[in-house]
Amino acid sequence: MSDIKFDGRVAIVTGAGAGIGKEYALELARRGAKVVVNDLGGTRDGSGASASAADAVVEEIKSAGGEAVANYDNVATMEGGVNIVKTAVDAYGKVDILINNAGILRDKSFLKMTEAEWDAVIGVHLKGAFCVTQPAAKVMKENNYGRIVFTSSTSGLYGNFGQTNYGAAKMGLVGIMNTLKLEMAKYNVKINTIAPTAWTRMTEDVIPEEMGKKMKAQFNVPLVVYLCSEDNQESGKTYVMGAGWYGRSAIVCAPGACLGDTERDIAVEEIRDNFTKIDSLDNAEPANSGSDVFKYMGPLLA
Ligand code: NAI
C-alpha cells in the first residue's frame with residue numbers, strides 16, 4: 001500500500017498553535033502539505049491574544065523542512081475567517097483542507113451560566129466554523145476538491161455536566177455538516193466531524209492524570225489526517241476517538257410506529273399504547289438527509 005501524501009495540497013488548521021491542532025499541522029506538513037497555522041494565542045477561556053503560539057509551530061515545521069505560514073486571526077468573526085482563508089490563498093494559491101479545531105471553554109452549570117459565557121463559546125466553536133468554512137468552501141468549489149473536518153465533542157454528542165454552551169456548539173457542528181455535505185457533494189468536497197480526546201490544557205483538570213497520560217494528542221491525528229486525504233471518500237460521518245480507540249457515532253432514525261390513516265385524529269392514548277414501539281431503536285439506521293424519514297411514513301403516504 002502506498003503512503004498517504006499531501007504533496008501539492010494546502011491545509012488550514014485553526015487553533016493549531018497548541019494541543020491537538022498543533023499535532024495535525026505537524027503531521028500534514030511532514031506528509032507534504034503546505035499549512036496555514038492559525039491561532040489567536042489566547043487563554044483557555046478565550047481571553048487575550050498572542051502571535052507566539054502559531055509562530056512556534058510554523059518554526060517547528062520549517063526547521064523540519066516543511067512549509068507553513070502563521071495566521072493570528074480570531075475564527076469567531078467573519079473578518080477573521082476570510083483573512084485566514086486569504087492567508088492560504090495569498091501564500092499558496094488555494095485551500096484543499098480545512099480542519100476546524102480552534103476551541104475554548106467557559107464551563108458553568110446551566111442555571112448559573114451568563115449570556116457572555118454562552119455567547120463566547122458558541123461564537124468560537126459554532127459561528128467560528130461558519131466564518132472559516134464558508135470562505136474556504138468557496139475556494140474548494142472553484143477547484144472541485146476539498147476535505148473539511150469539524151471538531152465536535154462527546155460533550156455535545158452525549159452530554160457533560162457544566163457544558164451546555166459547549167455541548168450546544170459542538171452538536172451544532174454536526175448540524176452544519178449534515179447539510180453542508182449535501183450542498184458540497186457535487187464539488188468533491190468531503191465533510192466529516194470528529195470528537196477527539198486528549199490530555200491538553202482544555203482537559204488537564206477534567207481527565208485524571210493517570211488516564212490523561214494515556215490520551216496523547218497524537219492518537220487523534222491518524223484518523224483526522226486520513227479524513228483529510230484523497231483516499232477518504234466518506235462524507236457526513238462522525239467519529240469518536242481517544243487513547244488509540246476509534247469508533248463511529250451516529251444519529252439514527254428508527255422505524256417507529258405508523259398510527260391512524262392520515263384522515264382521523266390520533267389520540268394521546270394511542271401514543272401511550274404504542275409507546276414501546278415508538279421508543280424502540282430496533283432496526284434504526286443513520287439517515288442521509290431529513291427526507292429519509294419519509295420512508296418510515298411510507299405506509300401512510302402511499
Ligand atoms: P487547546 O486549548 O490545547 O487548543 C485550542 C487552540 O485553539 C488554542 O491554541 C487556542 O489559542 C486556539 N483558539 C481558541 N480560540 C481561538 C479563536 N477564536 N481563533 C483562533 N484560535 C483559537 O485545546 P485542545 O484540547 O487541543 O482542543 C482542540 C479542539 O478539540 C477544540 O475544538 C476542543 O473543543 C476539541 N476537543 C478536545 C477534547 C480534548 O479531550 N482535549 C475533547 C473534545 C473536543
Side-chain angles (χ1 to χ4, degrees), residues 11-30 35-61 68 70-72 74-76 98-108 117 120-121 123-126 128-129 132 149-163 165-167 169-170 173 193-225 227-228 238-246:
I12 294 172
V13 184
T14 68
I20 311 171
K22 173 182 173 180
E23 303 298 325
Y24 299 145
L26 293 174
E27 184 67 14
L28 284 165
R30 237 178 254 131
V35 183
V36 175
V37 176
N38 157 264
D39 207 294
L40 183 63
T43 59
R44 184 172 96 158
D45 73 0
S47 49
S50 155
S52 58
D55 284 346
V57 176
V58 168
E59 206 38 58
E60 195 171 334
I61 289 172
N71 170 283
Y72 320 111
N74 183 350
V75 299
L98 168 62
I99 304 178
N100 287 290
N101 166 81
I104 61 165
L105 282 183
R106 294 207 185 172
D107 292 0
K108 198 68 74 64
E117 286 159 345
V121 168
V124 172
H125 294 276
L126 188 58
V132 186
V149 173
F150 291 114
T151 304
S152 186
S153 165
T154 53
S155 301
L157 298 172
Y158 308 127
N160 193 25
F161 198 97
Q163 295 194 321
N165 52 356
Y166 182 73
K170 289 306 204 184
L173 296 167
T193 300
I194 59 111
T197 317
W199 207 41
T200 64
R201 73 174 186 181
M202 194 173 267
T203 51
E204 63 194 358
D205 55 357
V206 185
I207 301 175
E209 184 170 354
E210 272 316 293
M211 207 197 255
K213 281 181 184 160
K214 296 183 175 165
M215 297 191 162
K216 289 188 200 157
Q218 190 279 331
F219 297 145
N220 300 285
V221 174
L223 177 53
V224 172
V225 168
L227 291 173
C228 291
T238 301
Y239 302 95
V240 184
M241 66 199 86
W245 169 80
Y246 307 88

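Only a predicted model underlies this, so the values are computations on that prediction, with no experimental measurement involved.
- Across every non-hydrogen atom of A76 and G123, the tightest pair is CB-O, 3.4 Å.
- Side chains of I104 and Y166 form no contact here, defined as non-hydrogen atoms less than 4.5 Å apart.
- R30 and E27 are joined by a salt bridge, as a carboxylate oxygen and a charged side-chain nitrogen come within less than 4.0 angstrom of each other.
- Of all non-hydrogen atoms in V58 and A68, the two that sit nearest each other are CG1-O, 3.7 Å.
- Distance alone, capped at 3.5 Å, is enough to place a donor-acceptor pair between the T197 side chain and the M241 backbone.
- When all heavy atoms of E117 and K108 are compared, the pair lying nearest together is OE2-NZ, 2.7 Å.
- Closest of all the heavy-atom pairs between A217 and E23 is CB-CG, 3.8 Å.
- Here the side chain of S155 pairs no donor or acceptor atom with the backbone of N160 at under 3.5 angstrom.
- The shortest heavy-atom contact between G15 and D39 is C-OD2, 3.2 Å.
- Counting heavy atoms from C-beta outward, Y246 and P222 have side chains that approach closer than 4.5 Å.
- A donor-acceptor distance shorter than 3.5 angstrom exists from the side chain of T14 to the backbone of N101, with no hydrogens or angles considered.
- The shortest distance between side-chain heavy atoms of S152 and I194 does not fall below 4.5 Å.
- The shortest side-chain heavy-atom distance between L26 and I61 falls under the 4.5 Å cut-off.
- Looking at W199 and K213, their side chains come closer than 4.5 Å, going by heavy atoms from C-beta outward.
- Although no hydrogens or angles enter the test, the distance criterion places no donor-acceptor pair under 3.5 Å between the side chain of T203 and the main chain of I207.
- Scanning all heavy atoms of the two residues, the minimum distance from L173 to A129 falls at CD2-CB, 3.3 Å.
- The backbone N or O of T151 lies less than 3.5 Å from no partner atom in the side chain of N100, so there is not a single donor-acceptor pair.
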Could you go step by step and tell me if T238 and L157 meet the side chain to side chain contact (heavy atoms under 4.5 Å, CB included) rule? CA-CA 10 Å; T238 301; L157 298 172; 4.0 Å; yes

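- Among N71, V132, V13, the single residue meeting the side chain to side chain contact (heavy atoms under 4.5 Å, CB included) criterion with N38 is N71.
- Around the NZ atom of K22, the shell of radius 6.0 Å holds no more than 12 heavy atoms that belong to other residues, nucleotides or ligands.
- Rounded to the nearest 0.5 angstrom, T43 OG1 and R201 CZ are separated by 6.5 Å.
- A heavy-atom distance below 4.5 Å is not found between the side chains of I12 and I99.
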Stepwise side chain to side chain contact (heavy atoms under 4.5 Å, CB included) test for D55 and Y72: CA-CA 9 Å; D55 284 346; Y72 320 111; 2.5 Å; yes

Derivation of the side chain to side chain contact (heavy atoms under 4.5 Å, CB included) call for N220 and Y24: CA-CA 8 Å; N220 300 285; Y24 299 145; 4.3 Å; yes

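- Note that NE2 of H125 and CZ of F150 are 14.0 Å apart. Values are rounded to the nearest 0.5 Å.
- The closest donor-acceptor contact from the side chain of R106 to the backbone of D45 lies under 3.5 Å.
- Under 4.0 Å is where a charged nitrogen must lie from a carboxylate oxygen, and between D107 and R44 no such pair does.
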Does V121 form a side chain to side chain contact (heavy atoms under 4.5 Å, CB included) with L105? I'd like the steps, not just the answer. CA-CA 6 Å; V121 168; L105 282 183; 5.9 Å; no

